[in-house]
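Please read these numbers as outputs of a predicted model, since none were measured by experiment. Naming convention: chains lettered A, B, ... in sequence-line order (proteins, then strands); numbering from 1 in each chain.
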There are 2 protein chains.
Amino acid sequence: MTNKGQILRLLNYKNLLKHLQTLGFKKVFSDNISDTLEISSSLVRKDFGNFGITGNRKGGYEIDSILGKIDDILGKDEIQKVVVIGVGRIGEALMKYQGFMKEGIQIVAGFDIDPSRINTEGNPPVLHNDKIADFIKENDIKICIMTVPQMVAKHTVDLLSATGIGGILNFTPIKFQSTAELTINNINIVHELENLIYVVNKQKDKE
Amino acid sequence: MTNKGQILRLLNYKNLLKHLQTLGFKKVFSDNISDTLEISSSLVRKDFGNFGITGNRKGGYEIDSILGKIDDILGKDEIQKVVVIGVGRIGEALMKYQGFMKEGIQIVAGFDIDPSRINTEGNPPVLHNDKIADFIKENDIKICIMTVPQMVAKHTVDLLSATGIGGILNFTPIKFQSTAELTINNINIVHELENLIYVVNKQKDKE
DNA sequence: TCAATATTGTTAAGTTTTTCACATAAATTT
DNA sequence: AAATTTATGTGAAAAACTTAACAATATTGA
């Protein structure tokens with residue numbers, strides 16, 4: 001079974017290999033990858049093995065071939081359409097973030113309850129919340145980013161769950177559990193910052 | 001040794017306990033916590049033990065007391081001053097995000113190279129990049145959030161490193177390694193989304 | 001007061017993840 | 001063409017993390 005760590009490592013391999021590719025490299029060794037990403041070379045080989053990525057003994061791995069395999073694993077054959085629920089500052093920033101496109105992710109719409117934020121002619125458009133269910137069904141949306149205020153997070157998850165959506169990337173500070181039908185991954189920026197503060201303060205204490 | 005997972009769990013305990021506190025609860029049992037957070041009760045007790053949080057056999061844990069201890073562990077006695085490097089859409093959204101304050105985190109300034117974004121009278125102010133080093137030293141800043149474009153990420157880390165800052169929360173897609181002097185935690189939103197897409201697609205395949 | 005009960009604290013067991021170590025195989029050199 | 005070198009692929013070992021189990025003990029109720 002693959003776990004979250006393995007997939008995130010695979011994405012790191014992909015980033016590194018694409019970089020090496022632009023530099024003109026054709027081949028890579030597990031040792032090169034392990035040096036840059038600071039993990040052991042045997043973990044790189046084990047990951048590759050688990051994902052069915054093979055190399056040549058003595059010859060290393062062919063970068064083009066691995067990148068193709070990784071895209072196969074990640075299912076990058078079709079563009080992934082994603083919607084943003086809650087177009088506050090963070091939601092708007094993510095809607096307009098340019099980094100998704102080159103990974104085959106397209107933000108196709110935002111939704112908000114505040115009429116002043118609605119802009120049906122925008123690119124992507126911002127529609128009213130009461131269009132969420134229809135839009136998700138009509139456009140076969142499987143993934144959304146949730147950036148609503150904490151107070152309405154629970155209600156929003158219930159609403160989304162009822163639409164049959166498959167995954168929510170949750171930026172609210174409320175931590176939600178996944179179910180068999182709906183995967184919810186939580187990103188808590190405040191916790192990430194608090195964790196960093198803790199580590200830095202501990203480091204200072206040791207000195 | 002404490003690791004990242006333990007601290008993030010501690011923050012989750014804190015959130016839950018604060019919620020229970022507002023509901024009027026005085027005591028909590030490890031079972032209550034484990035049910036809500038979907039981890040085993042023995043892990044809760046083990047975490048508490050590791051952090052020196054003790055309860056009463058049969059009586060459970062006193063919420064007020066645990067919350068005090070957690071704040072001690074996290075060093076919440078003084079306000080943490082944080083700066084934002086790179087005031088694009090995401091940087092600006094984080095600068096104005098209201099959720100940091102109640103955790104004792106204050107964004108005291110933003111920095112950018114683009115003159116049109118500079119606003120020395122803002123609250124918090126946005127200053128020019130060439131003031132970063134002086135500001136960090138004069139105000140004893142230990143932590144920053146980095147939301148610059150990918151192209152200047154490496155250069156920015158070098159610049160920050162030279163100021164003697166202790167921690168960077170890095171939102172650029174470049175993954176940086178920590179050193180003994182500088183802790184860098186990486187949040188890659190695109191990877192988080194790609195991982196979610198992978199999981200949801202796999203789930204669908206199984207059906 | 002004493003027995004019954006419920007929950008912590010902690011050790012042992014179990015599980016997952018990572019690393020080690022080396023046999024195997026391709027490439028290079030002699 | 002044989003020997004040597006250098007990576008992969010992988011099974012075993014180690015480390016890290018989580019859960020189970022239960023003894024110790026505080027509380028409740030008879």
**Prompt:** Heavy atoms under 4.0 Å, any strand shown: does A/Gly60 hit a base, just sugar-phosphate, or nothing?
**Reply:** sugar-phosphate

**Item:** Sugar-phosphate only, base, or nothing, as touched by A/Ser41 at under 4.0 Å among non-hydrogen atoms
**Value:** nothing

Lys/Arg-Asp/Glu bridge criterion (N-O < 4.0 Å) met for [X], [Y]:
| X | Y | answer |
| --- | --- | --- |
| A/Glu103 | A/Lys14 | yes |
| B/Lys4 | A/Glu192 | yes |
| B/Glu194 | A/Lys76 | yes |

**A/Asn3 side chain, from C-beta outward: closest of C/dT17, C/dT19, C/dT7** = C/dT17

**Request:** Can you figure out which of C/dC20, D/dT19, D/dG9 approaches the side chain of B/Ser40 most closely?
**Result:** D/dT19

**Asked** Is the B/Tyr61-B/Phe29 ring centre distance short of 6.0 angstrom?
**Response** no

**Asked** According to a strict under-4.0 Å criterion, is B/Tyr61 in side-chain N/O contact with OP1 or OP2 of C/dG9?
**Response** yes

Output the rounded distance in Å from [atom1] ([X]) to [atom2] ([N]).
| X | N | atom1 | atom2 | value |
| --- | --- | --- | --- | --- |
| A/Asp31 | C/dC20 | CG | P | 12 Å |
| A/Ile39 | D/dA16 | CD1 | P | 16 Å |
| B/Leu8 | D/dT18 | CG | P | 11 Å |
| B/Gln6 | D/dA16 | CD | P | 13 Å |
| A/Lys27 | C/dA26 | NZ | C1' | 10 Å |
| A/Phe48 | C/dT18 | CZ | P | 15 Å |
| A/Asn56 | C/dT24 | CG | P | 19 Å |
| A/Leu43 | D/dG11 | CG | P | 17 Å |

**5' priority, DNA chain C, between B/Ser42 and A/Asp47 [closest heavy atom]** = B/Ser42

Do [X] and [N] share a donor-acceptor pair, side chain to base, under 3.5 Å?
| X | N | answer |
| --- | --- | --- |
| A/Lys46 | C/dT19 | yes |
| B/Arg57 | D/dT25 | no |
| B/Lys58 | C/dT5 | yes |

**Request:** Identify, between A/Gly55 and B/Arg9, the residue whose nearest nucleotide on DNA chain D lies closer to the 5' end.
**Result:** A/Gly55

**Asked** For B/Ala153, does its backbone N or O pair with a side-chain atom of B/Thr172 as donor and acceptor, under 3.5 Å?
**Response** no

